[in-house]
Amino acid sequence: MADSTRDKKSTAARVAGSVNEKAQEIFKEDFGKAKGVAYEALKSRAYLYPIKGIFYFLSHRALWKPFTSKIGQYLSVSATVIGGMFAITYLPQLAVLVFTSGPFAVVSTVFLVLNESSTIVNIISRNWILQQAILDTFDGTLISRNAISMVREGREVKSGSDPISRLGKTLKNPFSKFSPTALIRYVMYLPLNFIPVVGTAMFLFLQARTRGTTVHGRYFQLKKWTTSQKQEWLQKHTGAYTAFGVVATLLEMIPVANIFFTYTNTVGAALWAADIEELNTNMTDETAPTLRETAKKAQ
C-alpha cells in the first residue's frame, strides 16, 4: 500500500515536472518579446484608461442605465461560476501546483481559479447577457464626449441631453462570438502557472495582451477599418493595448465587483477612443492605416 502511494506521488511529480519544463520553454520563447511589449506598455500610459473609466462612470449617472439593467443576471452567473470553480477545481489544481510552487501554491491557485472563472463569465456574459448593454455603454460614452458623428456610423442617434436615451437602433454590431483560437491560446498558456510567481504573472500578462486587442472592436467598426487595417494598428500599438488589458483583466478578476469593472473598462476604452480622435496623440490618424492607404492611392 505504501509502495503504491509512493508510486502515485512519483508519477504526479514526473507529470508536474514535464509540464513545468514545457511551461519554461514557452516562457523563454516569449520572454524577449514580452520585455519589449512591457516597455511600450509603460510608455503608452494606456493603463490609466481603466482607472479613468471608473471615475468617469461614477460621475456620469446617465451611463448607469445599461449597468443596472443587467446586474442581477450577471451577478447570478458570476456567483455560480466562481463558486463552482473553487468547489470543483481549486483543490485538484492546488495539488499539482504545490509540486512546483511550494508555499506560493495557495496564492497562485487562487489567481488561476479567478482567472479561469473570469474567462468563463466573460464568455457567457458577453455572448448572451451583456452584449447590447456593453455596446450601449461604449456608444453612450462617445456621445457624452460629443463624438456623435462617429456613433452615427454604427447606429441611429436621437436628439436630447441624456447620452443613453439618445441611442437609437443599432445598425451594425461589432461583437463576435468567442473565438476557438482564443480558447486554444488560453489553454496553451495555462502551464505557465506551474512556474512559481513569475509564471503566474506571465500568464496574466499574456492573457491581458489578448484582452487588450478586443477593447476597441466598436471603435474600429465605426472607423470602417478592414481586418488588415485593424491588425496593422494593433500590431503597431501592442504595448498600449497590453497596458490597458493588464489593468482591465486584474479589475475583472475581482469577485462580485467584476461586473462593475466590466462596464467601467468599457467606458475607459471609449474615453481612449475619443482621445485618439480629439487630442492628436501618437495614436491618431496621422499614423492610422486609413491615411497611409489614402496616401498610397494618391501616388
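Residue numbers start at 1 and run along the sequence shown.
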From [atom1] ([X]) to [atom2] ([Y]), nearest 0.5 Å:
X	Y	atom1	atom2	answer
Leu271	Phe138	CG	CZ	9.0 Å
Arg155	Leu135	CZ	CG	5.0 Å
Asp139	Ile164	CG	CD1	8.5 Å
Leu75	Ser125	CG	OG	11.5 Å
Arg61	Leu63	CZ	CG	11.5 Å
Leu251	Thr264	CG	OG1	6.5 Å

Q: Please assess Val77 against Ile129 for the test side-chain contact (heavy atoms from CB on, under 4.5 Å), listing each intermediate value before the final yes or no.
A: CA-CA 10 Å; Val77 171; Ile129 300 175; 3.5 Å; yes
Q) What residues, two or more places apart in sequence or in another chain, satisfy side chain to side chain contact (heavy atoms under 4.5 Å, CB included) together with Leu250? A) Leu204, Val246, Met253
Heavy-atom distance under 4.5 Å between the side chains of [X] and [Y], does that happen here?
X	Y	answer
His216	Ile276	yes
His237	Thr242	no
Glu252	Val247	no
Thr266	Thr141	no
Ile120	Ile124	yes
Ile71	Phe260	no
Phe67	Ile259	yes
Lys224	Glu153	yes

Q: Output all residues satisfying side chain to side chain donor-acceptor pair (under 3.5 Å) with Gln93, sequence neighbours left out; order by chain, then residue number.
A: Thr89, Glu116
(Q) Please enumerate all residues that pass side chain to side chain donor-acceptor pair (under 3.5 Å) together with Thr80, with sequence neighbours excluded. (A) none
Given 3.5 Å as the limit, does a donor-acceptor pair link the side chain of [X] with the main chain of [Y], or not?
X	Y	result
Thr214	Thr210	no
Arg166	Lys158	yes
Tyr263	Pro66	yes
Gln229	Thr226	yes
Ser165	Ser161	no

Give me the atom names and distance for the closest heavy-atom approach of [X] to [Y].
X	Y	value
Val81	Ser117	CG1-O, 3.8 Å
Pro163	Ala62	CD-CB, 3.8 Å
Ala248	Arg211	CB-NH2, 4.3 Å

Q: State yes or no: do Tyr90 and Ile88 share one hydrophobic cluster built from I, L, V, M, F, W and Y residues joined by side-chain heavy-atom distances below 4.5 Å, directly or via other members?
A: no
Q: Report whether Leu167 and Leu171 are members of the same hydrophobic cluster (ILVMFWY, side-chain heavy atoms less than 4.5 Å apart, transitive linking).
A: no
Q: For the pair Trp272 and Tyr241, evaluate side-chain contact (heavy atoms from CB on, under 4.5 Å) and give the outcome as yes or no after the intermediate values.
A: CA-CA 11 Å; Trp272 188 15; Tyr241 283 97; 3.6 Å; yes
Under 3.5 Å side-chain donor-acceptor pair for [X] and [Y]:
X	Y	value
Tyr219	Trp233	no
Asp275	Tyr49	yes
Ser78	Asn258	yes

Q: Decide side-chain contact (heavy atoms from CB on, under 4.5 Å) for Leu222 and Leu142; before the verdict, give the C-alpha distance in whole Å, the side-chain angles of both, and the deciding distance to 0.1 Å.
A: CA-CA 11 Å; Leu222 297 176; Leu142 288 179; 3.7 Å; yes
Report all side-chain donor-acceptor pairs from residues 50-59 shorter than 3.5 Å, counting only partners two or more places apart or in another chain.
{"from": "Tyr56", "atom 1": "OH", "to": "Ser144", "atom 2": "OG", "distance (Å)": "2.7"}
{"from": "Ser59", "atom 1": "OG", "to": "Phe55", "atom 2": "O", "distance (Å)": "2.9"}
{"from": "Ser59", "atom 1": "OG", "to": "Tyr56", "atom 2": "O", "distance (Å)": "3.1"}

Q: Please lay out, stage by stage, how Leu48 and Phe244 fare under the test side-chain contact (heavy atoms from CB on, under 4.5 Å).
A: CA-CA 7 Å; Leu48 295 175; Phe244 185 101; over 6 Å; no
Q.
Once salt bridge (charged side-chain N to carboxylate O under 4.0 Å, His left out) is applied, what residue pairs with a partner in residues 63-76 remain, sequence neighbours excluded?
A. Lys65-Asp162
Q.
Looking at Lys223 and Glu277, is any side-chain nitrogen of the basic one under 4.0 Å from a carboxylate oxygen of the acidic one?
A. yes
Which side-chain N or O atoms in residues 104-115 pair as donor and acceptor under 3.5 Å with protein atoms at least two apart or in another chain?
{"from": "Ser108", "atom 1": "OG", "to": "Phe104", "atom 2": "O", "distance (Å)": "3.1"}
{"from": "Thr109", "atom 1": "OG1", "to": "Ala105", "atom 2": "O", "distance (Å)": "2.6"}

